[in-house]
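Please read the structure below before turning to the comments.
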Amino acid sequence: MRDHFEIRDHDAAGRIGRLEVPRAGVTVETPALLPVVNPNVLTIEPRRLAEEFGAEMLITNSYIIRSTDRIRDRVLEEGLHDFLGFDGAIMTDSGSFQLAEYGDIDVTTEEIIEFQRQIGTDVATPVDVPTPPDVDRERAERELETTRQALADAEAAETGDMLVNAPVQGSTFPDLREEAGRHASATDLDVFPVGAMVPLLNSYRYAEVVEAVRAAKRGLDPDAPVHLFGAGHPMMLALAVAAGCDLFDSAAYALMARDGRYLTVSGTEHLEEMEYFPCSCPVCAEHTPAELRELDGGGGSADTDDDRTAEQLLAEHNLHVTFEELRRVKAAIRSGNLLQLVDRRARGHPAMLDGLRTLLDHADELEETDPVSKDAFFYTSHESARRPEVRRHHDRLSRLAVPDRILLTESDAPSDHDYDAVWRVKPPFGPFPRALSETYPLTAEVPERVDGAAQVAAAEGVASLADANPDAEIVLGHDDWAPRAVDAVPDRVETENLRHLGR
């Protein structure tokens with residue numbers, strides 16, 4: 001049991017939690033975004049990250065600090081918090097990113113952990129090996145063994161009250177990710193980043209991101225705080241949280257701004273092509289795209305006292321929209337509609353839809369932590385038929401007492417009948433006693449014109465009831481279901497198309 005992380009609310013595999021960071025003397029609410037701060041170039045002052053954007057935690061690179069003569073001694077003397085001017089929690093990377101980019105770095109885990117302790121890091125990172133996607137298995141296993149040694153070295157280091165990351169690697173091999181998660185969980189380390197995600201994120205391979213996260217989660221303890229390294233585009237935050245991630249870090253807000261790119265929850269726009277800003281953050285409320293394009297590279301516009309460049313203003317917008325989305329995700333968790341938010345985001349990009357569909361492939365895992373009662377269930381797409389609530393209802397049908405002869409119908413109960421009971425049928429859930437009509441999720445809002453996916457899911461519910469009650473005589477009255485839905489009903493269940501009755 002990790003007493004520094006407390007889970008408060010669940011929805012799917014997403015959760016709101018409290019991460020105690022003892023060295024900083026603060027508690028960070030998760031899901032949390034850690035803005036990446038380059039110690040050499042402060043695009044946005046860290047003080048402003050806390051005061052204007054609400055950042056409780058940030059991340060910077062201890063390897064860059066250690067390797068840069070002009071700042072190393074200052075940080076050692078002043079401490080990291082005073083050097084950056086930030087009172088919240090600070091995580092530092094170890095140089096593993098540089099290792100992945102350039103192939104070698106001149107520091108060991110023992111050395112960098114000690115340096116992180118000396119400069120006042122709150123959450124330190126060992127020198128793991130971020131194995132990229134699509135490598136051969138032999139390389140992935142070899143580099144995973146190196147990462148395991150790095151975790152052992154980090155465990156043996158003198159860390160005091162500093163938390164330490166235990167990165168979970170394994171490339172694009174789910175079984176290696178799961179094994180790495182199990183190994184990391186068995187250590188005394190504290191936070192569990194799923195590593196080497198940047199290549200997948202940059203190429204919008206969200207389905208594989210979800211697979212990697214879910215594999216790591218299967219190996220990790222349920223109460224392990226999970227960090228998705230390199231993730232920070234607002235478009236994918238809801239998906240990543242629903243998959244089980246608690247912490248995110250990204251330099252996307254600054255890197256995108258450098259290239260004139262404007263982040264939204266639906267994707268990325270190019271400043272040079274924009275006529276209007278769709279956002280109401282302070283930057284977008286006070287400027288037009290044309291005004292930002294007019295700013296020269298050295299300062300603000302001629303008719304204002306604002307000395308921020310277009311790049312800085314874009315970076316601020318990008319950070320505003322990212323923090324706004326994270327607050328929206330938290331609200332969705334509290335009200336129990338996180339998967340509905342993910343569904344809306346999935347309509348913004350085909351790769352996001354791939355990610356959602358992959359997440360729902362693991363509905364049985366999501367069901368383990370998904371609350372049994374929530375605010376509302378909205379059926380909005382084919383994917384809604386695969387949500388954990390539908391699976392749970394089908395699984396629990398075996399608990400219900402079924403009489404010898406029962407009618408399942410989408411219509412009202414007939415006034416005169418010779419059945420022992422008449423149950424309702426509601427796609428995508430299927431059959432249930434009418435007495436349960438006002439219980440979640442059977443209070444779901446479903447369109448009158450349900451699609452084939454909802455009908456098939458309802459038929460699967462009928463099949464679950466029939467399997468659990470092999471001796472019961474079951475009749476199904478359906479509202480003109482698609483042939484594939486009717487085919488999913490067991491042969492021993494008599495079916496009637498209600499629209500054809502009386503013709």
Side-chain angles (χ1 to χ4, degrees), residues 14 29-38 42-46 48-59 198 201-202 204 206 209 228 230-242 245-293 295 306 308-333 337-338 340-349 351-352 355:
E29 184 178 80
T30 65
L33 176 73
L34 285 59
V36 173
V37 173
N38 184 331
L42 298 179
T43 306
I44 301 175
E45 291 290 334
R48 292 184 59 211
L49 293 174
E51 295 175 358
E52 298 179 29
F53 299 89
E56 297 181 287
M57 192 172 186
L58 57 79
I59 183 170
V198 171
L201 293 164
N202 286 348
Y204 285 46
Y206 293 133
V209 170
L228 189 59
H233 196 301
M235 177 173 68
M236 56 76 61
L237 287 177
L239 175 66
V241 170
C245 299
D246 307 293
L247 299 170
F248 305 89
D249 76 274
S250 181
Y253 74 97
L255 296 177
M256 296 283 192
R258 189 178 304 162
D259 294 334
R261 288 184 284 177
Y262 176 99
L263 299 184
T264 77
V265 295
S266 305
T268 306
E269 305 287 344
H270 292 271
L271 178 63
E272 61 186 21
E273 300 172 357
M274 299 182 72
E275 292 189 45
Y276 303 98
F277 285 142
C279 172
S280 57
C281 77
V283 172
C284 297
E286 297 169 8
H287 303 83
T288 67
E291 289 171 346
L292 258 63
R293 288 193 291 267
L295 294 180
D306 193 345
R308 290 172 292 175
T309 65
E311 178 183 328
Q312 290 172 318
L313 290 167
L314 268 183
E316 291 183 20
H317 156 78
N318 290 344
L319 209 50
H320 275 299
V321 74
T322 307
F323 273 104
E324 177 188 17
E325 178 69 355
L326 205 55
R327 291 191 293 272
R328 188 178 291 115
V329 167
K330 290 179 181 179
I333 294 172
N337 56 22
L338 177 59
Q340 290 167 207
L341 176 60
V342 177
D343 195 298
R344 292 201 299 273
R345 295 293 175 257
R347 308 303 143 182
H349 196 285
M352 280 292 300

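Numbering of residues begins at 1 and proceeds along the displayed sequence. Keep in mind the model is a prediction, meaning the values are calculated, not measured. Values below: all heavy atoms of this structure, side chains included; hydrogens, waters and symmetry mates excluded.
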(request) Quick one: closest heavy-atom pair of Leu58 and Pro46, and the distance? (result) CD2-CB, 4.0 Å
(request) Output the distance between atom CZ (Phe323) and atom CZ (Arg328), rounded to the nearest 0.5 Å. (result) 14.0 Å
(message) Out of the candidates Ile44, Ile59, Thr322, Leu49, only one should pair with Pro35 under the side chain to side chain contact (heavy atoms under 4.5 Å, CB included) rule; please name it.
(response) Leu49
(message) Are His287 and Phe277, when compared by the centres of their aromatic rings, separated by less than 6.0 Å?
(response) no
(message) Could you measure the distance from the NE2 atom of His233 to the CG atom of Asn202? Nearest 0.5 Å is fine.
(response) 10.5 Å
(message) Under the side chain to side chain contact (heavy atoms under 4.5 Å, CB included) test against Arg308, which residue among Leu295, Leu313, Leu314 passes?
(response) Leu313
(message) Keeping Tyr253 on the side-chain end and Val36 on the backbone end, is there a donor-acceptor pair under 3.5 Å?
(response) yes
(request) Flag yes if more than 12 heavy atoms outside Glu273 fall under 6.0 Å of its CD atom; otherwise flag no. (result) yes
(request) Could you give me the CA-CA distance, side-chain angles and deciding distance for Met236 and Met352, then say whether side-chain contact (heavy atoms from CB on, under 4.5 Å) is met? (result) CA-CA 7 Å; Met236 56 76 61; Met352 280 292 300; 4.0 Å; yes
(request) Hey, could you give me the CD/CZ distance between Glu272 and Arg293, rounded to the nearest 0.5 Å? (result) 8.5 Å
(message) Any carboxylate oxygen within less than 4.0 angstrom of a Lys/Arg side-chain nitrogen, looking at Glu324 and Arg327?
(response) no
(message) Testing the basics here: between Thr268 and Arg261, what is the closest heavy-atom pair and its distance to 0.1 Å?
(response) CG2-CB, 3.6 Å
(message) Under a 3.5 Å distance rule, please check whether Arg347 uses its side chain to pair with a backbone N or O of Asp343 as donor and acceptor.
(response) yes
(request) Please confirm whether the backbone N or O of Thr309 pairs with a side-chain atom of Gln312, one donor and one acceptor, at under 3.5 Å? (result) yes
(request) State the OG-CG distance between Ser250 and Leu33, to the nearest 0.5 angstrom. (result) 7.5 Å
(request) Kindly indicate whether the side chain of Val342, heavy atoms from C-beta on, has any atom under 4.5 Å from the side chain of Arg345. (result) no
(request) Work out which heavy atom in Glu325 is nearest to a heavy atom in Val265; give both atom names and the distance. (result) OE1-CG1, 3.4 Å
(message) Before you tell me yes or no, could you show the steps for Val329 and Ile333 under side-chain contact (heavy atoms from CB on, under 4.5 Å), namely the whole-Å CA-CA distance, both residues' side-chain angles and the distance that decides it to 0.1 Å?
(response) CA-CA 6 Å; Val329 167; Ile333 294 172; 4.2 Å; yes
(request) Mind checking the CD-OG1 spacing from Glu316 to Thr43? Nearest 0.5 Å is all I need. (result) 10.0 Å
(request) Please name the pair of heavy atoms, one in Tyr206 and one in Ala351, separated by the smallest distance, quoted to 0.1 Å. (result) CB-O, 3.6 Å
(request) Any chance you could lay out the side-chain contact (heavy atoms from CB on, under 4.5 Å) test for Met235 and Tyr204, step after step, and finish with the verdict? (result) CA-CA 11 Å; Met235 177 173 68; Tyr204 285 46; 3.7 Å; yes
(request) Quick one: closest heavy-atom pair of Pro289 and Met274, and the distance? (result) CB-O, 3.4 Å
(request) Side-chain contact test, heavy atoms from C-beta onward, threshold under 4.5 Å: evaluate it for Tyr262 versus Cys279 and give yes or no. (result) yes
(request) Quick one: closest heavy-atom pair of Gly230 and Leu201, and the distance? (result) O-CD1, 3.4 Å
(message) Test your reading of the model: is there a side-chain donor-acceptor pair from Asp246 to the backbone of Pro31, 3.5 Å cut-off?
(response) no
(request) Look up atom NE2 in His317 and atom SG in Cys281, then write down how far apart they are to the nearest 0.5 Å. (result) 6.0 Å
